[in-house]
Structures are given as C-alpha cells and as structure tokens.
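In what follows, a structure is listed as structure tokens, so that the remarks can point back to it.
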Amino acid sequence: MAEPFISTPVITDAAESPLVGHYEQGTFGNLDRGAQVTLTERFPLAICDVFAWTGSETKSANAIKRATKLALTKTRDAVSEDAQAFRHAPGRWTVIAIDPALPETLTTAVGDNATVVDLSHGRTVLRIDGGQSRRVLSKLFPIDFKSDCFPLEKGIATKHHEIFAQIQRVGDDAFDIIVFRSYARAFWHALRRSSEEVGYAVE
Amino acid sequence: MIIACPFCGPRDLSEFTYCGDADNLAARPDPAATDQAAWNAYVYDRTNPAGEHAEIWQHSGGCRKFLRVVRSTVTHEIESAEMVGPKA
Ligand SMILES: [Zn+2]
C-alpha cells in the first residue's frame, strides 16, 4: 500500500465560520408561543466523505465504526455525543466528528478499502431542534420528515432548489443540515425565514 | 412526478436531472467520427413515442446515481427505475 495521504487537520483556534457577522443570537419571528425551534451552527467540526471501493462496503463501514466508536453498520446510520455518520449513496458515507484528528483516524482505519476526502473546510453543519422543526424543514425540502419515514439517526441527501444538502436526524425533533460552505449564508437566511412563522432562537 | 430511486426511495422530480433516451445511448457515433448525417441523426432524430419510454435520469440532488427509468409519456406513470453503472 502506498503511503496514505492525510490532510492537515482543522486548526480549531484559527477556523472561521462562514456565518461570521450573520450569526445573531437571540429570539426572532412570531414569538406568540415562544421560540418553537432553536437554530445553531455546529462549529468547528471535522467532516469527511468515505467512498468504499466496490466490494469493500462492509469493511469500510466497520472501519468507520472502529474510527468513530459509532454503532454503524453497512445499512445503519449512527449518531453519538461526539460523532455521527450516514450513508448518502451506495458505498458512500458522510462522517462528522468533534475530534480534528478524524481525517487521519479514518484514513488509517479504512486502509485500502476506501478513499477518505476531508470536507471540513468545505461544509457547514446547521442544527434545527424543537417541536416545529419538521414544519420548518417541510417548507424547504421535498422530503417526508415524519418519524416513521425519517427514523432517528438516518441521514439522506436532497436539495433546496440548487443548494445540495444532506440531512441527518440527530434527536426526536433535531436535524443536522449539511450544506456547502459557500452556500452557508444563503441557506442560513432561508432557514431563518422559514422559521419566522413559528418563532426561533439562535444559540 | 415522483421517481422511486432504488437507493433513496420515492423522491420529487426536482431532485433529478434528465440525461436522455436510454435506448439511444448505443446509437452514438464514434466520438472521433465526423459523419455529419450520423451525428445529426443521433442528436435530433427521436422516435418520440406516445407511451412507454426508457430514459436515463441522474439523481443529482440525492445519491447522484444514474437510473434507467421506464416511464409512460402519456400518463407520466413510472413502470421501473433501476440503477445503472458501477455499484448498480
Ligand atoms: Zn438516489
């Protein structure tokens, strides 16, 4: 095996959010019933794409499981306190962790079974939580967010108009939305506008 | 129109990109060829059936896989959607 390429880890002290100047904390919109959803940017994070070579899908899933301690299988997505992973296409996973060493631990774990691409600098993760989160998201995506259609921990790929997005359900009413960093501000604006109706807090 | 992606499940048309007639793929002339009549026929001549039609769609706003979709051009009813290419 050739010497694996390991990307430079995120320097958490130096990293800058794409929402700088546009991330105003407080409560907004129709607050008749209080803020019924909470919006947050999860930052900074290590974000990777793992692409299994044909025939190595199970080995790759097991490697992600070893590297992240997630209860992941080839067909089961997973979320924990400090990491999350989901299969967004056959043999392809998005893996997110708080630990900046994720690209290195994943690259070492998958060995010759898959390719790891570090997307930490290229993706932004936004979280919506609260009783009305499904109502807010339903206005943005042509996806059925009902619990039985969108089970806990499941992740999918979809899009909001031309903004490609991946969404993972990380709690009873909580969803993480992963967008391209260059679209983060545009999508943040759309998410806030969609949340105005139910009242929202930015934390 | 909703296309049932074999990986993602039923998804809205807005997530898909049309990539052409599935049964016309083999008719493409050699890319190095300069036979104008052959290229003209490949690009413009369509059977345009009223009824069943096999098409290539990419799930560009989803798993990004290419699908062979058999669809009725009259009712928009989709008979089948299968993955094509690697990892099909
Ligand atoms: Zn798909």
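Chain A is the first sequence line, chain B the second, and so forth, proteins listed ahead of strands; every chain is numbered from 1.
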Cation-aromatic face contact B:R64/A:F164, 6.0 Å, 45 degrees: yes

Other residues, nucleotides, ligands: >12 heavy atoms within 6.0 Å of [X] [atom1]:
X      : atom1 : answer
B:E77  : CD    : no
A:R181 : CZ    : yes
B:R46  : CZ    : yes
A:R185 : CZ    : no

Non-hydrogen side-chain atoms of A:P142 and B:R11 separated by less than 4.5 Å: no

Atom of A:P90, atom of B:C63 and distance for their closest heavy-atom approach: CD-CB, 4.3 Å

Test log, rule side chain to side chain contact (heavy atoms under 4.5 Å, CB included), inputs A:I143 and B:E15: CA-CA 11 Å; A:I143 295 291; B:E15 291 187 357; 3.8 Å; yes

Distance in Å, A:H160 NE2 paired with B:S14 OG, rounded so as to fall on 0.5 Å steps: 11.0 Å

Name the atoms and distances for all side-chain donor-acceptor pairs under 3.5 Å in residues 96-105 of chain A, with sequence neighbours left out.
from   : atom 1 : to     : atom 2 : distance (Å)
A:D99  : OD1    : A:A101 : N      : 3.0
A:T105 : OG1    : A:A101 : O      : 3.3
A:T105 : OG1    : A:L102 : O      : 3.0

